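Taking it in order: structure first as structure tokens, then the write-up.
Keep in mind it's a predicted model, so treat the numbers as computed, not measured. FYI, the numbering just counts along the sequence from 1.
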Amino acid sequence: MSNTDTVRLGVVGLGFMGQTHATNAETLGHEVAAGADLVESAREEFAETYGATTYEGFDAMYDAEDLDAVAVSTPNAFHEEAVVAALERGYDVFCEKPLASDLESAERIADAAADADGFCMVNFHNRVSTATEVFKDHQAEGFFGEITHVDANYVRRRGIPGVGSWFTNRELSGGGAVVDIGVHAIDFALYLMGYPDVEEVFAVTRTEFGHREDYVDPGDWYDETDEAVFDVEDSATAMIRCADDRTISLEVTWAANQAETNDFVVRGTEAGAELELGGEELTLYQAGTQGTDHLFDSTLTGGSLDRTGWEGSDEQFLEAVRTGEPPALNTAEHALTVQRVIDAIYRSGEEGTSVSIE
């Protein structure tokens, strides 16, 4: 908890997302006090951009700096050591998704968060949108009745991250498309349903594009080198069964021969909805008898949150640090549930059968 209205933030991992958190913190009136990264050029750029003291290791930064909070944006395999060390020092922590590169590591982070004086929030930034806020308020009023199914899609036509980066190296990332973007779709679907208990998963994972020499990439996402490692999946299809037979159908791809879509379709017993992951459009589907039996669709117009996405998520974290009130949104416990689903997707894909989640 900060003793003033200005939060002193330390950042671990000074790449794109680390800089995003730092920029947002400054925009919101807080201080970027320090940063840590193994790469010297990243430290130099960060120090010059934000006027922050930089360190090669996060332990040295934690020991030397008087921080209020820490944002961890390293490759997934290194989340645990940086997050747990910060929590043990009493810092509030903002961790990039997913919580970790594997389930065991995620469980250790969640245990540390449960025992810590500070809190751990995870960057599921797609929850922070106008459409989502409107949807959740309708849901709280009982508008949808019981939500029984969500059709969740995060499909890129071509969008494999640079080969040779940690994104396509299982040892560093923990997986491919499911870990990178599927994590958002899983969290968002569960959030729309109210985070029911997940009981069973059946999934198929595929590698169809990332290993091909003739891979077509108009957007220049793909940057293969002679030393490139691509040992992860580039798509997955899953059926997720939750308590009371509520279900989620999941499609996730880095690359596919189909149109891109981020559409989420929600079916409830009284009404339904369609909205984009992190988007601002919302359509509500109803049926009625007023006048005559009819179907009725309505769309969201006007109104918007001041800050959405990454900036909105950073704002919520920093405000929670400032006030000392742990956020109810994006908790480590929710992130652990998502990690269990990811683990089950991979186990199901390997075993060719459905798997239970205990």
Side-chain angles (χ1 to χ4, degrees), residues 76-77 79-80 83 95-111 113-114 120-127 132 147-155 167 170 173-207 232-254 262-267 277-278 329-358:
N76 303 336
H79 284 182
E80 181 186 346
V83 170
C95 181
E96 272 306 314
K97 58 75 193 172
L99 193 56
S101 58
D102 60 54
L103 180 56
E104 291 76 14
S105 181
E107 288 173 338
R108 290 190 291 269
I109 293 174
D111 287 343
C120 179
M121 179 174 166
V122 181
N123 191 22
F124 292 126
H125 66 275
N126 290 294
R127 294 190 190 188
T132 308
I147 293 176
T148 56
H149 181 75
V150 174
D151 184 17
N153 299 276
Y154 198 154
V155 175
F167 285 97
R170 183 175 298 275
S173 64
V178 174
V179 165
D180 180 34
I181 59 177
V183 62
H184 286 302
I186 295 164
D187 169 72
F188 197 61
L190 288 170
Y191 182 57
L192 294 177
M193 296 186 85
Y195 254 84
D197 291 335
V198 181
E199 297 180 347
E200 188 177 12
V201 174
F202 174 76
V204 176
T205 58
R206 309 176 185 87
T207 301
V232 296
E233 82 290 346
D234 50 35
S235 70
T237 300
M239 177 64 75
I240 302 166
R241 184 170 64 83
C242 302
D244 301 320
D245 288 334
R246 288 174 284 177
T247 52
I248 297 168
S249 57
L250 176 71
E251 283 290 344
V252 175
T253 78
W254 270 343
N262 287 345
D263 286 345
F264 280 63
V265 180
V266 180
R267 299 207 307 249
L277 178 70
L329 196 69
N330 300 4
T331 63
E333 195 59 38
H334 280 179
L336 179 57
T337 297
V338 174
Q339 198 88 41
R340 289 186 176 124
V341 175
I342 291 171
D343 178 74
I345 287 173
Y346 287 140
R347 286 191 290 123
S348 178
E350 292 169 0
E351 298 170 13
T353 187
S354 62
V355 299
S356 297
I357 295 181
E358 297 180 359

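For Glu80, the salt bridge (Lys or Arg N to Asp or Glu O under 4.0 Å) criterion is met by Arg108, not counting sequence neighbours. Residues satisfying the side-chain hydrogen bond (donor to acceptor under 3.5 Å, both in side chains) test with Asn153, not counting sequence neighbours, are none. Evaluation of the side chain to side chain contact (heavy atoms under 4.5 Å, CB included) rule for Asp197 yields Ala243 as partners, not counting sequence neighbours. Partners of Arg206 according to the salt bridge (Lys or Arg N to Asp or Glu O under 4.0 Å) rule, which considers only residues two or more places apart in sequence or in another chain, do not exist here. Scanning for salt bridge (Lys or Arg N to Asp or Glu O under 4.0 Å) contacts around Arg267 gives an empty result, with sequence neighbours left out. With sequence neighbours excluded, the residues forming a side-chain hydrogen bond (donor to acceptor under 3.5 Å, both in side chains) with Glu199 are Arg241, listed by chain and number. With sequence neighbours left out, Phe202 forms a side chain to side chain contact (heavy atoms under 4.5 Å, CB included) with Val204, Ser348, Ser354. Under the rule for a side-chain hydrogen bond (donor to acceptor under 3.5 Å, both in side chains), Ser356 has no partner lying at least two apart in sequence or in another chain. Contacts of Ala106 classified as side chain to side chain contact (heavy atoms under 4.5 Å, CB included), with partners at least two apart in sequence or in another chain: Leu99, Ala100, Leu336, Gln339. Under the side chain to side chain contact (heavy atoms under 4.5 Å, CB included) criterion, Thr205 pairs with Glu233, Ala236, Ile345, Tyr346, sequence neighbours left out. Looking at residues two or more places apart in sequence or on another chain, you find a side-chain hydrogen bond (donor to acceptor under 3.5 Å, both in side chains) between Thr132 and Ser129. Every residue two or more places apart in sequence or in another chain that forms a salt bridge (Lys or Arg N to Asp or Glu O under 4.0 Å) with Asp187 is listed here: Arg127.
Without hydrogens or angle criteria, Asn330 side chain to Val122 main chain gives a donor-acceptor distance under 3.5 Å. Of the possible donor and acceptor atoms, one in the side chain of Asp102 sits under 3.5 Å from a partner among the backbone N and O of Glu104.
Side-chain contact annotation: Thr207 with Asp234, donor-acceptor N/O pair under 3.5 Å absent. No side-chain N or O of Ser101 forms a donor-acceptor pair with one of His79 less than 3.5 Å apart.
With a 4.5 Å cut-off on side-chain heavy atoms, Phe124 and Ile186 do not count as touching. Looking only at side-chain heavy atoms (C-beta outward), Pro98 and Asn76 come within less than 4.5 Å of each other.
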Are Phe188 and Val150 close enough, and set up right, to give a side chain to side chain contact (heavy atoms under 4.5 Å, CB included), and what steps lead you there? CA-CA 10 Å; Phe188 197 61; Val150 174; over 6 Å; no
